[in-house]
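Bear in mind that the values here come from a model prediction, so they are computed numbers and not experimental data. Basis for what follows: all heavy atoms, side chains included, without hydrogens, waters or symmetry-related copies.
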Amino acid sequence: MTETSRATRNMYQVMLRRLAVLVAVLAVGGAGVGYLVAGLPGVWGALMAAGIATLFMLGTVVTMMVTADKPLPIASAAGVGGWLVKMLVLFGLLLAVRGADFYDRGTFFVVLVLAVLGSLAIESAGVLRARVPTVEPAPRAEPPER
């Protein structure tokens, strides 16, 4: 494992921990606030949004962690393929619940927007604070023996 892939994995591990905490806080806090605002449909709206956020945020970070030491075309293909799978799941879910009234759309929207903004902040801070080398140092040559 190179220094670059090790530093990249560390960056993604930090992001993964922080995003997991964000999703847990959004699920619990959103369900509580959703219950106070809209009753049981508010709870379902918050939990659905937290589930979608989990799929998108954690799926991306896990995919990037798995492909951190792979060549760029493979990592890119995994990222794009993962995004396509997530979009198909999202469209399928939205089609399945279209017109349903068991969840509160306002709570769903607010929790999802908070998840997107929180994810953006966590991932940006993670990238800015990471110390990932862009050039691999060459191994030092042994000094000649006398």
statement: For Leu22, the side-chain contact (heavy atoms from CB on, under 4.5 Å) test, sequence neighbours excluded, returns Leu19, Leu26, Met57, Ile122

field: Interatomic spacing from OG1 in Thr63 to CE in Met65 - rounded to 0.5 Å
entry: 10.5 Å

message: In the structure I gave you, are the side-chain heavy atoms of Phe109 and Val113 within less than 4.5 Å of one another anywhere?
response: yes

- prompt: Can Val97 be reached from Val110 by stepping across I, L, V, M, F, W or Y side chains whose heavy atoms are under 4.5 Å apart?
  reply: no

- prompt: If two hydrophobic side chains count as joined below 4.5 Å and joins carry through other members, does Val89 share a cluster with Met48?
  reply: yes

Single-linkage hydrophobic cluster, 4.5 Å side-chain cutoff, Leu93 and Leu55 together: yes

- prompt: For residues 56-85, which residue pairs qualify under salt bridge (Lys or Arg N to Asp or Glu O under 4.0 Å), counting only residues two or more places apart or in two chains?
  reply: Arg9-Asp69

message: Under the salt bridge (Lys or Arg N to Asp or Glu O under 4.0 Å) definition, can you give me all pairs with a residue in residues 74-83, not counting sequence neighbours?
response: none

query: Counting only heavy atoms not in Phe91, do more than 12 fall under 6.0 Å of its CZ?
result: no

task: Determine which pairs satisfy side chain to side chain donor-acceptor pair (under 3.5 Å) with at least one residue from residues 114-128, sequence neighbours left out, and list them in order.
output: Ser119-Glu123

query: Got a sec, which residues hit side-chain contact (heavy atoms from CB on, under 4.5 Å) with Val66, two or more places apart in sequence or on another chain?
result: Val62

query: Which heavy-atom pair separates Ala78 from Thr67 by the least distance, and what is that distance?
result: CB-CG2, 3.7 Å

task: Starting from Leu128, walk the hydrophobic network (Ile, Leu, Val, Met, Phe, Trp, Tyr; side-chain heavy atoms closer than 4.5 Å) and list everyone else you reach, by chain and number.
output: none

query: For residues 38-67, which residue pairs qualify under salt bridge (Lys or Arg N to Asp or Glu O under 4.0 Å), counting only residues two or more places apart or in two chains?
result: none

query: Does anything in residues 28-39 pair up under salt bridge (Lys or Arg N to Asp or Glu O under 4.0 Å), and if so which pairs, sequence neighbours excluded?
result: none

Under the side-chain contact (heavy atoms from CB on, under 4.5 Å) test, residues paired with Phe56 that sit two or more places apart: Ile52, Lys86, Met87, Leu90

query: Who passes side-chain contact (heavy atoms from CB on, under 4.5 Å) against Arg17, sequence neighbours left out?
result: Gln13, Val14

query: Is it true that Val28 and Leu117 fall in one hydrophobic cluster, defined by side-chain heavy atoms closer than 4.5 Å?
result: no

query: Leu40 and Tyr35: which non-hydrogen atoms are nearest, and at how many Å?
result: N-CD1, 4.0 Å

field: Shortest non-hydrogen contact between Thr8 and Ala68, atoms and distance
entry: CG2-CB, 4.1 Å

task: Mind jotting down which residue pairs meet the side chain to side chain donor-acceptor pair (under 3.5 Å) criterion with at least one end in residues 95-106? Sequence neighbours excluded, please.
output: Asp104-Thr107

- line: Smallest heavy-atom separation, Val111 atom then Ala49 atom, equals CG1-CB, 3.6 Å

- prompt: According to a 4.5 Å side-chain heavy-atom criterion applied to Ile, Leu, Val, Met, Phe, Trp and Tyr, with indirect links allowed, do Phe108 and Val37 form part of one hydrophobic cluster?
  reply: no

Residue pair Val127 / Met15, side-chain heavy-atom distance below 4.5 Å: yes

